[in-house]
Structures are given as C-alpha cells and as structure tokens.
A.B. asks: 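My questions all concern the structure below.
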Amino acid sequence: MKNSVFLVIDPQNDFCPGGLLAVNGGDEIIPLINRLATQHKHVVLTQDWHPANHSSFASQHKAAQPFSQIEMPYGPQTLWPDHCIIGSGGAEFHQSLDVPHAELIIRKGFRQAIDSYSAFFENDHKTPTGLGGYLKERGFTAVTLVGLAFDYCVRYSAEDAKALGFDVEVIEAATRAIDMGGTAAATRTSFAERGIILT
Ligand code: VGL
Ligand code: ZN
C-alpha cells in the first residue's frame, strides 16, 4: 500500500447527530475511521468550509426550502441548511477523530458562488481543488475513501479520483448516507459502472 492514500471525507460535527446537516449515524463511523487510518501510512482529510453567505445555503435564496434543487450557472445544485461555516464549532472535526498522522487537510466549498462536493473539483466539475495534482506529485496511484456523506461528498470524490486515473476503493461501513430519493442506491450503481470498488 506504498502508493495508496487514505482519504477521509468531511468527518465534521455538522454532519453528525446534533449538527446542522446531520447524517444518520454519522458519528458511529469515527472509531472505525480511526482504526482504518492506523493501517495507512498516508492519510488526507477534507473539511467542508463555507462562508456564512454561501450560495449552497437555502437561507441565501428567497423562499427556498432546504433540500430543494435550483439551477446555478454551473448546473443543478441542491440547497442545504446552513452548515460547516468557517470558524464555527460545526465545521470542526468530530472530537473523537484521532488521526494525528494525517499529512494534509484540504478545505473545500470556500468560494461563495460555488459548492464543492468533491475533494478534487468544485461543482462546475472544472475548477480543481489542487488535491489531484498533490496526490500525483507525491506518486500516489490508489485512493481509499471513507467519511460523510456516502452519496454526496464521498461519491463525487471517488468518481473524480477514478476519472483522474487513480485506483479507487470506498469502504462503505465507514460511511453514512444522506439518502434523499434513492441517492445511496444511485451511488452504488454509479460506482459499479465506473469500476470503483465498494467493500
Ligand atoms: C456534503 C452536502 C453539502 C457532504 C457537504 O459532505 O457530503 N453534503 N455539503
Ligand atoms: Zn457543504
């Protein structure tokens, strides 16, 4: 596993029970993530990191409900409750997360006008976060993903990693899904079609 990196997606308070965009059981995966991380020499964390007026927040759109869909200049966008606001407690990593050997924390979603589910590209599918270049420059060829949420940030990060040429594995037991309208099943189908290994 010399050439593999363990990528932990958004293990943050706001995606855990009690948080502003809580994912069912989001906190349950933290001990497993800690354990799996000890088996990997190289670990990278991502952190959803939004300004308070972020355009993905329903609160920024007149009469819009959280979890509704709108059309943005870059394509369709789900509107979310306010979450992971820069500097807030909700944006901090879960207090039980214990991955001191993580080598990089990559923040995403910090531009007001565009969301970023993927750790590699923002939601226009064009603007790079820099993570792809970083991993390639360091010689990694394989990415193992875990974290939150399975059907959003884990999904799009895994798909972009695969499109960039990495071997990609997602450990489903160390993820939890938002699962709105069949999005978890759609994620499994998409992974199978793309050759992303789901274990
Ligand atoms: C996420 C929705 C909005 C995620 C982040 O981490 O899956 N989902 N922001
Ligand atoms: Zn977000």
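Atoms within each ligand, like the ligands themselves, are counted from 1 in listed order. Numbers here are sequence positions counted from 1.
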A.B. asks: Got a sec: is H83 within less than 2.8 Å of the Zn ion (ligand 2) via an N/O/S atom?
C.D. replies: yes
A.B. asks: Any donor and acceptor pair, going by atom type alone, linking the side chain of D14 with main-chain N or O of L21 inside 3.5 Å?
C.D. replies: no
A.B. asks: For a distance under 2.8 Å, tell me if C153 has an N/O/S atom near the Zn ion (ligand 2).
C.D. replies: no
A.B. asks: So does G109 get a backbone contact from the side chain of D48, meaning a donor-acceptor N/O pair under 3.5 Å?
C.D. replies: no
A.B. asks: Mind checking whether A149 has an N or O less than 3.5 Å away from an N or O of ligand 1?
C.D. replies: yes
A.B. asks: Given I9, D10, D115, which one has a non-hydrogen atom that is nearest to atom 6 (O) of ligand 1?
C.D. replies: D10
A.B. asks: For ligand 1, which atoms sit closer than 4.0 Å to a heavy atom of L148?
C.D. replies: 4 (C), 6 (O), 7 (O)
A.B. asks: Answer with yes or no whether the side chains of T199 and E169 bring together a donor and an acceptor at under 3.5 Å.
C.D. replies: yes
A.B. asks: When you measure from atom 8 (N) of ligand 1 to each heavy atom in Y156, Y152, F67, which option holds the nearest one?
C.D. replies: Y152
A.B. asks: Let's go through H54 and F110 carefully: what are the C-alpha distance in whole Å and the side-chain angles of both, what is the deciding distance for ring-ring contact (aromatic ring centres under 6.0 Å, His included) to 0.1 Å, and is it a yes or a no?
C.D. replies: CA-CA 8 Å; H54 194 250; F110 49 77; 9.5 Å; no
A.B. asks: Between the main-chain N or O of Q12 and the side-chain N or O of D10, is there a donor-acceptor pair closer than 3.5 Å?
C.D. replies: no
A.B. asks: Do T189 side-chain atoms and A185 backbone N/O form a donor-acceptor pair below 3.5 Å?
C.D. replies: yes
A.B. asks: Pick, from H54, K108, H83, the option with the minimum heavy-atom distance to atom 3 (C) of ligand 1.
C.D. replies: H83
A.B. asks: Please check: side-chain N/O of H83 versus main-chain N/O of F57, any donor-acceptor pairing under 3.5 Å?
C.D. replies: no
A.B. asks: Just need the protein heavy atom nearest to atom 1 (C) of ligand 1, so name the residue and atom and give the distance.
C.D. replies: C153 SG, 3.2 Å
A.B. asks: Do me a favour and list the nearest non-hydrogen protein atom to atom 5 (C) of ligand 1 with residue, atom name and distance?
C.D. replies: D48 OD2, 3.2 Å
A.B. asks: Give the atom name of whichever N/O/S atom in D48 sits closest to the Zn ion (ligand 2).
C.D. replies: OD2
